[in-house]
Amino acid sequence: MPVQTHCPGSRTLHFDDSGALRTLDQTQLPFSRREIVLRSADDCERAIATMQVRGAPLIGAVGAWGLAFALADDDSDARLESSLHRLLAARPTAVNLRWALERVRRRVAALPRGQRAPAARDEAAAICDEDADCNRRIGEHGARLLGALASGRPLQILTHCNAGSIATLEHGTALAPLYRLHRSGVPLHVWVDETRPRNQGASLTAWELAAQAVPHTVIVDNAGGLLMRQRRVDAVIVGCDRVAANGDVANKIGTYLKALAAHDNGLPFWVACPVSTIDPQAPDGDAIPIEERDGREVSHVAGRLPDGTIGAVQVVPDGSPVANPGFDVTPARLVSGLITEHGVFEASAEGVAEALAAATAGPAARTAVR
Ligand code: MRU
């Protein structure tokens with residue numbers, strides 16, 4: 001298999017000389033930079049399901065590569081459909097997975113056998129390239145918005161979960177504007193929600209921000225309300241796993257509570273996402289499937305043990321029932337706007353329709369801010 005160069009090493013996904021896809025195992029961060037090697041649809045499905053790769057855009061890209069690997073083995077219609085459905089079932093909430101898989105299917109379905117596998121690879125590579133470019137543009141639009149809030153003191157931004165570069169191909173969504181502001185010299189400090197139960201804020205966002213020397217402080221998930229009330233937060237920005245047609249947004253569990261606190265304190269609550277995160281088939285947030293995850297993520301906390309190994313300690317009494325919904329829905333009325341690659345749109349049926357139209361029309365940027 002030839003060396004694939006569409007996703008260079010600076011990105012979250014890259015190819016080695018054997019044609020295998022390589023990426024960091026995110027379950028090991030920030031303590032170990034262990035790479036995983038993905039050579040098949042099964043590898044990609046497993047990496048998504050176990051959250052070795054996670055974050056809506058990255059899940060979509062790895063799913064697309066999984067389908068391309070499947071078609072390289074067998075490019076029949078039956079294999080296309082069975083692999084697509086297996087990959088789709090790996091995680092239910094982030095619509096980017098469905099979007100990417102359907103995009104690869106649209107590209108190859110009408111092609112004769114023999115031409116499907118290379119076309120699928122081209123499409124997966126295009127999804128990666130476009131994601132990096134979308135996030136760069138989200139960074140530009142978001143930096144304009146957040147930069148306008150700068151006053152005499154460092155800008156104080158709160159974020160939840162990880163919507164950074166490792167949740168995407170490059171740059172991140174919610175973190176892209178923050179990286180851009182930091183690079184351009186705007187004084188900035190980020191409050192990082194730890195994001196129980198899996199702590200993607202504490203382990204991944206803090207790791208990324210530290211690597212870019214962005215000042216930040218990790219807080220427990222319950223601290224945000226107090227900080228907002230004390231006027232120690234200027235704005236909240238988060239990523240997103242699915243936007244419904246009416247502008248409701250699904251993101252990591254706990255996001256809704258931050259939106260409520262921001263609303264009560266008169267603070268902007270921005271959602272950064274590519275247009276591929278919009279699901280026009282979901283009329284509102286109630287139609288978004290919410291992933292129910294293993295209760296062990298609640299009963300146990302994972303981290304580095306005193307002997308240096310990564311393990312989990314139990315924090316819930318034996319036998320106590322636990323529940324673990326992975327995402328929640330923030331109603332559109334609490335969202336100040338959707339920061340997309342095409343500009344900033346109102347979180348409403350009209351705004352969502354405009355964002356979709358802008359994506360169809362091409363790259364012309366729009367700014368329709370509430
Ligand atoms: O369960 P995860 O870690 O995949 O959840 C990730 C999030 O909720 C992110 O905010 C979202 O996917 C946007 S990533 C750019």
Side-chain angles (χ1 to χ4, degrees), residues 1-28 33-135 165-170 274 276-277:
M1 196 182 288
V3 176
Q4 172 58 256
T5 55
H6 288 285
C7 298
S10 63
R11 293 197 185 168
T12 307
L13 300 177
H14 63 101
F15 277 85
D16 65 20
D17 292 344
S18 75
L21 194 56
R22 286 179 173 266
T23 187
L24 286 177
D25 178 351
Q26 297 194 24
T27 65
Q28 302 299 301
R33 290 177 61 95
R34 189 175 81 187
E35 272 201 327
I36 50 170
V37 183
L38 310 175
R39 301 179 195 280
S40 66
D42 283 354
D43 290 347
C44 292
E45 183 205 344
R46 197 176 315 113
I48 295 169
T50 61
M51 293 181 64
Q52 289 176 312
V53 295
R54 31 69 51 204
L58 186 63
I59 292 171
V62 171
W65 277 111
L67 200 48
F69 287 137
L71 291 170
D73 287 345
D74 169 1
D75 67 355
S76 64
D77 286 346
R79 181 66 188 270
L80 173 63
E81 291 307 314
S82 64
S83 297
L84 186 147
H85 285 103
R86 276 195 61 191
L87 285 158
L88 188 57
R91 287 197 76 192
T93 301
V95 77
N96 305 62
L97 180 57
R98 188 185 83 200
W99 171 85
L101 291 168
E102 288 182 347
R103 187 169 146 171
V104 173
R105 174 164 62 187
R106 267 198 310 279
R107 171 77 181 267
V108 306
L111 293 177
R113 293 187 63 177
Q115 292 180 20
R116 290 176 165 183
R121 289 182 69 89
D122 285 351
E123 198 63 23
I127 286 169
C128 291
D129 289 344
E130 288 170 26
D131 183 61
D133 188 53
C134 284
N135 299 332
S165 53
I166 56 170
T168 66
L169 265 291
E170 213 174 336
S276 54
T277 302

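No experiment lies behind these values; they were computed from the predicted model shown.
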- Item | 4.5 Å side-chain heavy-atom contact, Val62 and Leu13 | yes

- Query: For the atom pair CG (Leu24) and CZ (Arg33), what is the distance rounded to the nearest 0.5 Å?
  - Reply: 5.0 Å

- Looking at side-chain heavy atoms only, is the closest gap between Leu38 and Ile36 below 4.5 Å? yes

- Using the side chain to side chain contact (heavy atoms under 4.5 Å, CB included) rule, take Glu35 and Gln28 through it: C-alpha gap first, then chi angles, then the decisive distance, then the call. CA-CA 9 Å; Glu35 272 201 327; Gln28 302 299 301; over 6 Å; no

- Take Glu170 and Thr12 through the test side chain to side chain contact (heavy atoms under 4.5 Å, CB included) and record every step on the way to the result. CA-CA 6 Å; Glu170 213 174 336; Thr12 307; 5.9 Å; no

- Item | Any side-chain heavy-atom pair of Asn96 and Pro274 under 4.5 Å | yes

- Note on the structure: The side chain to side chain donor-acceptor pair (under 3.5 Å) partners of Arg86 (sequence neighbours excluded) come to Asp42, Glu45

- Who pairs with Ser76 by side chain to side chain donor-acceptor pair (under 3.5 Å), at least two apart in sequence or on another chain? Asp74

- Query: Roughly how far apart are Phe15 CZ and Thr23 OG1, rounded to 0.5 Å?
  - Reply: 11.0 Å

- Task: Determine whether Glu81 and Arg105 make a side-chain contact, defined as any pair of heavy atoms from C-beta on separated by less than 4.5 Å.
- Result: yes

- Qualifying residues under salt bridge (charged side-chain N to carboxylate O under 4.0 Å, His left out), relative to Arg79, sequence neighbours excluded: Asp73

- The reported gap from CE in Met51 to OG1 in Thr27 (rounded to nearest 0.5 angstrom) is 9.5 Å

- Distance in Å, Leu88 CG paired with Leu97 CG, rounded so as to fall on 0.5 Å steps: 5.5 Å

- Stepwise side chain to side chain contact (heavy atoms under 4.5 Å, CB included) check, Asp43 with Phe69: CA-CA 10 Å; Asp43 290 347; Phe69 287 137; over 6 Å; no

- Leu111 to Ala119 - nearest heavy-atom pair and separation: CD1-CB, 3.4 Å

- For the pair Asp131 and Arg11, find out whether any cationic side-chain nitrogen is under 4.0 Å from an anionic carboxylate oxygen. no

- Is any side-chain heavy atom of Asp133 less than 4.5 Å from a side-chain heavy atom of Asp129? no

- Heavy-atom pair with the smallest gap, counting every atom of Ser276 and Val95: O-CG1, 3.7 Å

- Taking the side chain as every heavy atom from C-beta outward, state whether Ile127 and Trp99 have any atom pair closer than 4.5 Å. yes

- Derivation and outcome, side chain to side chain contact (heavy atoms under 4.5 Å, CB included), residues Val37 and Leu21: CA-CA 6 Å; Val37 183; Leu21 194 56; over 6 Å; no

- What heavy-atom pair brings Ala100 and Gly60 nearest, and what distance separates the two atoms? CB-O, 3.2 Å

- Item | Minimum side-chain heavy-atom gap Arg22-His14 below 4.5 Å | yes

- Taking all atoms of both residues into account, what is the closest heavy-atom pair of Thr168 and Asn135, and its distance? CB-ND2, 3.3 Å

- Work out which heavy atom in Leu101 is nearest to a heavy atom in Ala64; give both atom names and the distance. CD2-N, 4.3 Å

- Identified salt bridge (charged side-chain N to carboxylate O under 4.0 Å, His left out) partner of Arg116 from the options Asp77, Asp122, Asp75: Asp77

- Query: Which pair of non-hydrogen atoms, one from Gly63 and one from Leu87, has the smallest distance, and what is that distance?
  - Reply: O-CD1, 3.6 Å

- Query: Under the side chain to side chain donor-acceptor pair (under 3.5 Å) test, which residues partner Glu123, sequence neighbours left out?
  - Reply: Arg103, Arg107

- Query: Any side-chain heavy atom of Pro57 sitting closer than 4.5 Å to one from Leu169?
  - Reply: no

- Pairs touching residues 53-64 that satisfy salt bridge (Lys or Arg N to Asp or Glu O under 4.0 Å), sequence neighbours left out: none

- Does Glu102 have any side chain to side chain donor-acceptor pair (under 3.5 Å) partners at least two apart in sequence or in another chain, and if so, which? none

